[in-house]
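To start, the structure under review is shown below, and the notes come after it.
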Amino acid sequence: MSRLLHRDTVPPVPAAELTARSADGSRIHVELHGPEDAPAVVLAHGWTCNTRFWDAQIRDLAAGHRVIAYDQRGHGLTPEPGPGGYSTSALADDLEAVLGATLAPGQKAVLAGHSMGGMTVMAAASRPGVREHAAAVLLCSTGATRLAAEALVLPLRAGALRTRLTTAVLGAKAPLGPVNPVSRKILKYATMGRGSAPGRVDACARIVHACPRRARVEWGHVLGELDLADGVRALRVPTAVIAGTDDRLTPPVHARAIADALPVGLGLTELTGMGHMTPVEAPEAVSAKIRELVTRYVTTGAAATAEKEDVA
């Protein structure tokens, strides 16, 4: 199936590709875009997606940044995992492996994670690799706890029944089938704002439907039991949060809770009318926030200053 973000465009061509080795031996596919000596940005995609999810950001940023994007284990060109399987600890291992394989010792970068990618950053917040390399973080459309309880995908009153049914949906084994008008309509309802352009809906549908069923199911089980509250409190670097006001998968209540709990929070940006797929639905806003973080915390040396102020 096509991995293109837009049907009529060719995906950005990486300057280089490599394989990072995670702690359990799992192979992680990594793409590097842009000049090798430019300020670095690391992009972690969400559940059922792949590196193509970030095509708009890669196009916007690669001219002046070293953009590093990777496929989460079991997604895209990253195969099924090794003994570490599917867990938030494995996500953290993979991110550390990518940082170690692509950044020089002590080199700082902005880490941006969407949905499960944001959870990856939170899971790895206390890891030495993140503390060494993260200058700042952007969390897009994500949550730390109570995903099944707070999700609004099922039009039911909040409570035990809705939570139980949502948990079952997250781990459902049924195949998604081909992309067609019905499946696009379902995906748009569940993950995107009402005003999302048809081309962007189609792009997201093709990315999501290309995800291997086992990865979708296994990670769905992980999400259903997620608790990364400690990871939020451990994320001691400047961190900005973005959320869509119409996000049904991780409603803004999650973003507000994260923003309130961050040790070095930079505030929450709520994008009116946007759903869960903010990097695709509002690419300019997401790219602008990443660029702002790079300018403030990487290229000006403010990362070191912020770290000293936080320790003090």
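Small disclaimer: the values here were computed from a predicted structure and weren't measured.
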Requested in this report: Supply the atom-to-atom distance Asp230 CG to Thr145 OG1, rounded to the nearest 0.5 angstrom.
Outcome: 10.5 Å
Would you mind writing out the side-chain donor-acceptor pairs for residues 152-159 within the sub-3.5 Å range, not counting sequence neighbours?
none

Query - Heavy-atom pair with the smallest gap, counting every atom of Cys140 and Val286 - result: SG-CG1, 4.2 Å
**Report entry** Pairwise distance CG(Leu147) to CG(Leu223) - rounded to 0.5 angstrom
**Finding:** 6.0 Å
**Report entry** Side-chain donor or acceptor of Trp47 paired with backbone N/O of Arg216 under 3.5 Å
**Finding:** yes
Requested in this report: Without swapping roles, check the side chain of His209 against the backbone of Gly177 for a donor-acceptor pair under 3.5 Å.
Outcome: yes
Query raised in the report: With Arg146, which residues qualify under side chain to side chain donor-acceptor pair (under 3.5 Å), at least two apart?
Result: Glu150
**Report entry** side-chain contact (heavy atoms from CB on, under 4.5 Å) between Val110 and Val137, worked out
**Finding:** CA-CA 6 Å; Val110 168; Val137 166; over 6 Å; no
Query - Asp37: partners by side chain to side chain donor-acceptor pair (under 3.5 Å), with sequence neighbours left out - result: none
Query raised in the report: Within the distance-only criterion (no hydrogens, no angle test), does the side chain of Ser87 pair as donor or acceptor with the backbone N or O of Ala90 below 3.5 angstrom?
Result: yes
Requested in this report: Flag yes if Val222 and Val217 sit in one hydrophobic cluster, no otherwise; membership is Ile, Leu, Val, Met, Phe, Trp, Tyr, and two members link when side-chain heavy atoms are under 4.5 Å apart.
Outcome: no
Report task. Sorted by first residue and then second, give each side chain to side chain donor-acceptor pair (under 3.5 Å) pair with at least one member in residues 261-275; sequence neighbours left out. Result -> Arg256-Glu270
Query raised in the report: Does a side-chain heavy-atom distance below 4.5 Å link Leu235 with Val121?
Result: yes
Report task. Over all heavy atoms of both residues, which pair between Ile58 and Pro12 is shortest? Give the atoms and the distance, please. Result -> CG2-CB, 3.6 Å
Query - Point-to-point distance, once rounded to the nearest 0.5 Å, from SG of Cys204 to CZ of Phe53 - result: 5.5 Å
Show me the donor-acceptor pairs within less than 3.5 Å that the side chains of residues 238-246 make with the rest of the protein, sequence neighbours left out.
unit_1: Thr239; atom_1: OG1; unit_2: Val237; atom_2: O; d: 2.8
unit_1: Thr245; atom_1: OG1; unit_2: Gly273; atom_2: N; d: 2.8

**Report entry** Basic-acidic side-chain contact under 4.0 Å: Arg206, Asp202
**Finding:** yes
Query raised in the report: Taking side chain as C-beta onward, heavy atoms only, is Val208 less than 4.5 Å from Leu187?
Result: yes
Query - Sidechain-backbone polar pair: Glu132 side chain, Gly106 backbone, donor-acceptor under 3.5 Å - result: yes
Report task. Start with the C-alpha distance between Leu43 and Tyr70, add both sets of side-chain angles, then the distance that settles side-chain contact (heavy atoms from CB on, under 4.5 Å), and finish with yes or no. Result -> CA-CA 7 Å; Leu43 305 176; Tyr70 71 99; over 6 Å; no
**Report entry** Side-chain donor/acceptor of Gln72 to backbone N/O of His45, under 3.5 Å
**Finding:** yes
Query raised in the report: Between Arg200 and Glu281, is there a salt bridge with N-O shorter than 4.0 Å?
Result: no
Report task. Output all residues satisfying salt bridge (charged side-chain N to carboxylate O under 4.0 Å, His left out) with Asp227, sequence neighbours left out; order by chain, then residue number. Result -> none
**Report entry** Side-chain touch Val41/Ile68, heavy atoms, less than 4.5 angstrom
**Finding:** no
Requested in this report: Kindly say whether Leu91 contributes a backbone atom to a donor-acceptor pair with the side chain of Thr120 at under 3.5 angstrom?
Outcome: no
Report task. Please check if the side chain of Arg73 supplies one atom and the backbone of Tyr86 the other of a donor-acceptor pair under 3.5 Å. Result -> no
Requested in this report: Check whether any side-chain heavy atom of Arg131 sits under 4.5 Å from a side-chain heavy atom of Pro128, and report yes or no.
Outcome: no
Requested in this report: Would you sort out whether Tyr297 and Lys108 count as a side-chain contact (heavy atoms from CB on, under 4.5 Å), showing the intermediate values?
Outcome: CA-CA 9 Å; Tyr297 295 104; Lys108 295 295 186 178; over 6 Å; no
Report summary line: Between Leu77 and the options Val30, Asp71, Ile28, Asn50, the side chain to side chain contact (heavy atoms under 4.5 Å, CB included) test singles out Asp71
**Report entry** hydrophobic_cluster_shared for Leu249 and Met192, side chain cutoff 4.5 Å
**Finding:** no
Query raised in the report: Just wondering, do Tyr189 and Arg248 contact through their side chains at under 4.5 Å, heavy atoms?
Result: yes
**Report entry** salt bridge (charged side-chain N to carboxylate O under 4.0 Å, His left out) partners for Lys188, two or more places apart
**Finding:** none
Query - Salt-bridge criterion met for Arg127 and Asp93 (N-O under 4.0 Å) - result: yes
Report task. Take atom CD of Glu17 as the centre, draw a 6.0 Å sphere, and report whether it contains more than 12 heavy atoms from other residues, nucleotides or ligands. Result -> yes
Report summary line: Minimal heavy-atom distance between Gly34 and Arg66, with the atoms involved, is O-NH1, 2.6 Å
**Report entry** Listed partners of Glu218 passing side chain to side chain donor-acceptor pair (under 3.5 Å), at least two apart
**Finding:** none
Report task. Kindly give the heavy-atom pair with the smallest separation between Gly64 and Ala38, and that separation in Å. Result -> O-CB, 3.6 Å
Report task. Group every Ile, Leu, Val, Met, Phe, Trp and Tyr by side-chain heavy-atom contacts under 4.5 Å, then state whether Leu268 and Leu139 land in the same group. Result -> yes
Query - Ala104 backbone acceptor or donor facing Gln107 side chain under 3.5 Å - result: yes
Report task. Could you tell me whether the side chain of Asp94 reaches within less than 4.5 Å of the side chain of Val98, counting heavy atoms only? Result -> no
Query - Separation of Thr51 OG1 from Glu31 CD (nearest 0.5 Å) - result: 4.0 Å
**Report entry** Qualifying ring pair (Phe, Tyr, Trp, His ring centres under 6.0 Å) pairs with a residue from residues 120-151, counting only residues at least two apart or across chains
**Finding:** none
Query raised in the report: Under the side chain to side chain donor-acceptor pair (under 3.5 Å) test, which residues partner Glu284, sequence neighbours left out?
Result: none
Query raised in the report: Counting distance only, does the side-chain N/O of Thr78 pair as donor-acceptor with the main-chain N or O of Gly74 below 3.5 Å?
Result: no
Query raised in the report: Looking only at heavy atoms, what is the nearest atom pair of Ser141 and Asp247, with distance?
Result: CB-OD2, 3.8 Å
Requested in this report: Would you mind listing every ring pair (Phe, Tyr, Trp, His ring centres under 6.0 Å) that reaches into residues 241-278, with sequence neighbours excluded?
Outcome: His114-His276
Query raised in the report: So do the side chains of Met122 and Thr88 get within less than 4.5 Å of each other, counting heavy atoms only?
Result: no
Query raised in the report: Is Thr142 reaching over with its side chain to a backbone N or O of Ser115, donor-acceptor style, under 3.5 angstrom?
Result: yes
Query raised in the report: What pairs of residues pass the side chain to side chain donor-acceptor pair (under 3.5 Å) test when at least one of them lies in residues 159-182, not counting sequence neighbours?
Result: Asn180-Ser183
Report summary line: Between Ile258 and Val232 the two heavy atoms that sit nearest each other are O-CG1, 3.9 Å
Query raised in the report: So Val264 and Leu262, side-chain contact (heavy atoms from CB on, under 4.5 Å) or not? Walk me through it.
Result: CA-CA 6 Å; Val264 194; Leu262 286 167; over 6 Å; no
Query - Single-linkage hydrophobic cluster Leu165~Leu170, side-chain heavy atoms < 4.5 angstrom - result: no
Report task. Kindly compute the distance separating CZ (Arg27) from CG (Leu18), expressed to the nearest 0.5 Å. Result -> 13.0 Å
Requested in this report: Calculate, to the nearest 0.5 Å, the distance between atoms CD1 and OG1 belonging to Ile207 and Thr48 respectively.
Outcome: 9.0 Å
